[in-house]
Amino acid sequence: QVPLVESGGGSVQAGGSLRLSCAASGRTLSRNHMGWFRQAPGKEREFVAAIRWSDGYTRYADSVKGRFTVSRDNAKNTVSLQMNSLKVEDTGVYYCAADHRPFFIMTVPDTANEYDDWGQGTQVTVSS
């Protein structure tokens, strides 16, 4: 069973919007935080946004603040990323991730090596 499954990627013109979703199952149901990362061709995977599952506290990369919103749905065990005012530089494969660190660790992680489970990724292409 794949623990994390992303959906909602696609192609859009600059200034447009997309909404990504990530469904958690199996062991990821015990996650502390869930995050979104992206990777452009030839570049390293970079942090986009994350949310602490217990209280919904969020953290964003400076490059997406004010444009992207991460949210969670406890009943559906899903995390979403609403992306508005998209720019060409937002293009990349977007990955959902979950960590299983103890719940007393409150700091929202923003590096890939702090996450334990990953989705397969979904492509987002923004054209000018």
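Only heavy atoms go into these numbers, but all of them, side chains included; no hydrogens, no water, no symmetry mates.
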Value rounded to 0.5 Å, distance of CD in Q82 from CG in L18: 8.5 Å
task: List for me each residue that meets side-chain contact (heavy atoms from CB on, under 4.5 Å) alongside Y57, sequence neighbours excluded, and say none if there are none.
output: R52, D55, V108
statement: Nearest heavy-atom contact between Q120 and L4 is OE1-O, 3.6 Å
message: Checking T125 now: which residues fulfil side-chain hydrogen bond (donor to acceptor under 3.5 Å, both in side chains) with it, not counting sequence neighbours?
response: Q123
message: With side chain to side chain contact (heavy atoms under 4.5 Å, CB included) as the test, pick out the partner of V48 among L20, V70, L81, D110.
response: L81
- prompt: Does anything in residues 3-25 pair up under salt bridge (charged side-chain N to carboxylate O under 4.0 Å, His left out), and if so which pairs, sequence neighbours excluded?
  reply: none
message: The criterion is side-chain hydrogen bond (donor to acceptor under 3.5 Å, both in side chains); which residues satisfy it with S17, sequence neighbours excluded?
response: N84
- request: Could you note down all residue pairs passing salt bridge (charged side-chain N to carboxylate O under 4.0 Å, His left out) where residues 86-96 supplies at least one of them, sequence neighbours left out?
  value: R38-D90, R67-D90
Pairing residues for R45 by the salt bridge (Lys or Arg N to Asp or Glu O under 4.0 Å) criterion, not counting sequence neighbours: none
statement: Minimal heavy-atom distance between V93 and G121, with the atoms involved, is CG1-CA, 3.8 Å
- prompt: So which heavy atom on A112 is nearest to which on W118, and how close?
  reply: O-CZ2, 3.5 Å
message: Using side chain to side chain contact (heavy atoms under 4.5 Å, CB included), reason through N77 and M34 one step at a time and then give a plain yes or no.
response: CA-CA 11 Å; N77 288 315; M34 291 191 72; over 6 Å; no
query: If we only count heavy atoms from C-beta on, is the R59 to T107 side-chain gap below 4.5 Å?
result: yes
task: Only counting residues at least two apart or in another chain, list the ones meeting side-chain hydrogen bond (donor to acceptor under 3.5 Å, both in side chains) with D99.
output: H33, R101
statement: Here the pair of heavy atoms bringing Q39 nearest to K43 is NE2-O, 3.1 Å
message: Among residues at least two apart in sequence or on other chains, which ones pass side-chain contact (heavy atoms from CB on, under 4.5 Å) with S127?
response: Q13
- request: Please report the shortest heavy-atom distance between A50 and P109, naming the atom on each side.
  value: CB-O, 4.0 Å
message: Which Ile, Leu, Val, Met, Phe, Trp or Tyr residues join I105 in one cluster when any pair of side-chain heavy atoms under 4.5 Å counts as a link?
response: F104
field: Donor-acceptor contact present, side-chain T91 to main-chain V126, <3.5 Å
entry: yes
field: Qualifying residues under ring pair (Phe, Tyr, Trp, His ring centres under 6.0 Å), relative to Y115, sequence neighbours excluded
entry: F37
query: Under the salt bridge (charged side-chain N to carboxylate O under 4.0 Å, His left out) rule, what pairs show up with a residue in residues 68-84, not counting sequence neighbours?
result: none
query: Which value, rounded to the nearest 0.5 Å, describes the distance between S25 atom OG and D117 atom CG?
result: 9.5 Å
- prompt: Can you name the side-chain hydrogen bond (donor to acceptor under 3.5 Å, both in side chains) partners of K65, sequence neighbours left out?
  reply: D62
task: To the nearest 0.5 angstrom, please state how far the CZ atom of F68 sits from the OG atom of S80.
output: 13.5 Å
task: Side-chain contact test, heavy atoms from C-beta onward, threshold under 4.5 Å: evaluate it for W36 versus C96 and give yes or no.
output: yes
- prompt: What are the two closest non-hydrogen atoms of F47 and Y60, and how far apart are they?
  reply: CE2-C, 3.8 Å
